[in-house]
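First up is the structure itself, then whatever we jot down about it.
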Amino acid sequence: METCQKFSILCLTLASMLTLGACSKQPEVSTEASQTTEAGLALVDTEFNPRLGEYIKTLSADEFQGRAPATKGEELTVAYLEDNFRRIGLKPIDGDSYKQAVSLVQIDPKQVTDMRLSGDNLPGSFKYRDEMIAWTTQVTEQVSVEESEMVFVGYGIVAPEYNWNDYAGLDVKGKTVVMFVNDPGYATQDPELFNGNAMTYYGRWTYKFEEAARQGAAMALIIHETAPASYGWGVVAHGSPIKFDLVNEDKNMSRSKVEGWLTTESAEKLFANIGTDLATMHKQALQADFAPVPLNAKASVSVNNNLRELTSSNVVGFIEGSKYPDEYVLYMAHWDHLGMDFSNPSNKVFNGAQDNASGTGAVIALAEYFAKQPQPERSVVFVLVTAEERGLLGSAWYAANPVFPLEKTAAAINMDVMNMYGPMKDMVIVGLGNTEVEQILVKYTEQQGRYAVQEPNPEAGIAYRSDHFNMSKKGVPILYAKGGNDHYQHGAEWGAAQRAEYNSCCYHKVQDEWRDDFDLRGAQQDLFLYFRVGNELANSRQWPNWYNGNEFRAIRDASAEARQ
């Protein structure tokens, strides 16, 4: 899982759901949790597949060496996944192979200069890592931006559905654009602006770099602020500088030469140079008549890289549909984790039991269950992707090079970190209020005597931080949901404490290991929900969509003719 999620019980639940035919309206959300399950109520659906624990335990064993892409650990993992898909009876995608080759490049910035500045009232430079961070995604050994004019572009957003264009009337070719993180909805907390407190795709830093490249900017810089970014400067600047990306035909030369972040303090110096400050520019960026602001400064920076191309694999198998074999329902999880820490004398393996041997094992368990059911009318596809921990790259490769047409994919379900702590009353829907697929899930959740809630921190943009996001960008309605915190017996505080303990002790650490005391009954309940959602879609003529106003709706609608 790319970013840690700290689930806690919410005072949010679905008060009413519309039928799937009412395609244009989002579900209403109550402000009070509905306790639909009593602690003493008999549990249902706790035995979906008895082999689930076996799959998780095996995949997270030391033998698999932390499942890092392009290592011995990958070789063992992919062989295990293929063996299970073959045993279950899934159809392969290439002869007798289930592997989709994924071409990756490792970009290691061996030297990044400080950012040199020219301007009347500016320091001579911003120091690398302390005052700025920069890199390139262009697959080249060296890039330089020299004396590039700096322009403040507000939030750096072009969003036609919100009638918002921060680049209107501006030519930034060869220039350096500076922008705020997140989006105007979060900044104002206005539920009528963008998506209010909940981050839209336009608030995500990845989008801002993509848009800057489309506009022709030579360098794109985001101003870091902890609250709207949802993480501190240390996360941005003091982790590993090594980047991974997909190998593509233009070697990312269509991207800006340099991407990066500025500290708040650095931004203040840029704004002071033109006689203003951060607070004033925040207000200005939210005005309907906002126009980009020249910063009367020029920036220069150089990046020297070591490059290494790698080959990894997604693993894909499917059950062919009986009536509509060229229509698809897709399940997804990432099989990779962080590999090994050879400097650790006592525990070298990042086993990744919860993240994400649990989701990988869940996909195998689902495939096995589906294979024992009557043949579905639509084809059901099981995709286990690589390099999620390197930046959602395996899913990005599948989205760019789909084995099965995305315009004919009815919907997808992503599983990233399953519930290992027992039955929960709540089912968390990440990005609640975005796609009609959630209506089907809520129906079956309520049949289990449970209730659906939104993730606790939608402003952090979790909906854009796991593999489902790459499918979203291609318009595929995708569901990302998991059991929450409200334990059927111990309550919400106990459940939240288990999540917090995992986040503290184990997330992305060697301590994320299989435990014999894991209680998988909650995961089994969730698997029944995933199955029922997918099974309904696979045996119906439903084509769920994004709700009106969602940033991915237009992409989906553009391919509507293929689904006639």
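For reference, positions follow the sequence shown, starting with 1. Keep in mind the model is a prediction, meaning the values are calculated, not measured. When reading the values below, keep in mind they use all heavy atoms of this one structure, side chains included, and skip hydrogens, waters and symmetry mates.
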Set of side chain to side chain contact (heavy atoms under 4.5 Å, CB included) partners for [X], sequence neighbours left out:
{"X": "Val510", "answer": "Asn344, Asn347, Phe350"}
{"X": "Asn182", "answer": "Tyr186, Met199, Pro228"}
{"X": "Glu407", "answer": "Pro405, Ser559, Ala562, Arg563"}
{"X": "Ile93", "answer": "Gln100, Val316, Phe318, Val403, Phe404"}

Taking the six-membered ring for Trp and the single ring otherwise, decide whether the centroids of Tyr331 and Phe370 are under 6.0 Å apart.
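Between Tyr331 and Phe370, the centre distance is under 6.0 Å.
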With ring centroids as reference points, do Phe469 and Tyr480 lie under 6.0 angstrom apart?
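Distance test on ring centres: not under 6.0 Å, no.
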Residues two or more places apart in sequence or in another chain: which of them pass side chain to side chain donor-acceptor pair (under 3.5 Å) with [X]?
{"X": "Lys91", "answer": "Glu320"}
{"X": "Ser395", "answer": "Asp467, Asn470"}
{"X": "Trp135", "answer": "Glu259"}
{"X": "Trp261", "answer": "none"}

What pair of heavy atoms forms the shortest contact from [X] to [Y], and how long is it?
{"X": "Pro544", "Y": "Pro477", "value": "O-CG, 3.2 Å"}
{"X": "Met418", "Y": "Leu527", "value": "CE-CG, 4.2 Å"}
{"X": "Asp416", "Y": "Ser466", "value": "OD2-OG, 2.8 Å"}
{"X": "Pro423", "Y": "Leu43", "value": "CG-CD1, 3.6 Å"}
{"X": "Ile319", "Y": "Ala371", "value": "CD1-N, 3.8 Å"}
{"X": "Asn485", "Y": "Ala496", "value": "ND2-CA, 3.6 Å"}

Taking ring pair (Phe, Tyr, Trp, His ring centres under 6.0 Å) as the definition, give me every residue that meets it alongside Phe85, ordered by chain and number, with sequence neighbours left out.
Tyr98
Just jot down the ring pair (Phe, Tyr, Trp, His ring centres under 6.0 Å) partners of Phe518, sequence neighbours excluded, or say none.
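If we apply the ring pair (Phe, Tyr, Trp, His ring centres under 6.0 Å) test to Phe518, skipping adjacent residues, the hits are Trp514.
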Is Arg378 positioned over the aromatic face of Trp543, cation under 6.0 angstrom from the ring centre and no more than 45 degrees off axis?
yes
Give a yes or no answer on whether the side chain of Trp397 reaches the backbone of Ser313 with a donor-acceptor pair at less than 3.5 Å.
no
Pairing residues for Asp45 by the salt bridge (Lys or Arg N to Asp or Glu O under 4.0 Å) criterion, not counting sequence neighbours
Arg532
Kindly compute the distance separating CG (Leu432) from CD (Glu438), expressed to the nearest 0.5 Å.
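Reported to 0.5 Å precision, the distance equals 4.5 Å.
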Whether the Asn252 and Asp245 side chains hold a donor-acceptor pair (N or O, under 3.5 Å, no angle test) is what I'd like checked.
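Present: a donor and an acceptor within the cut-off.
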Is it true that the side chains of Asp183 and Thr200 contain a donor and an acceptor less than 3.5 Å apart?
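Indeed, the side chains of Asp183 and Thr200 share at least one donor-acceptor pair under 3.5 Å.
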Taking side-chain hydrogen bond (donor to acceptor under 3.5 Å, both in side chains) as the cut-off, I'd like each qualifying pair that reaches into residues 57-66, sequence neighbours left out, listed once.
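Sorted result for residues 57-66: Asp62-Asn351.
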Does atom CD of Glu47 have more than 12 heavy-atom neighbours, drawn from other residues, nucleotides or ligands, at distances under 6.0 Å?
no
Between Lys208 and Glu211, is there a salt bridge with N-O shorter than 4.0 Å?
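No, no charged N to carboxylate O under 4.0 Å.
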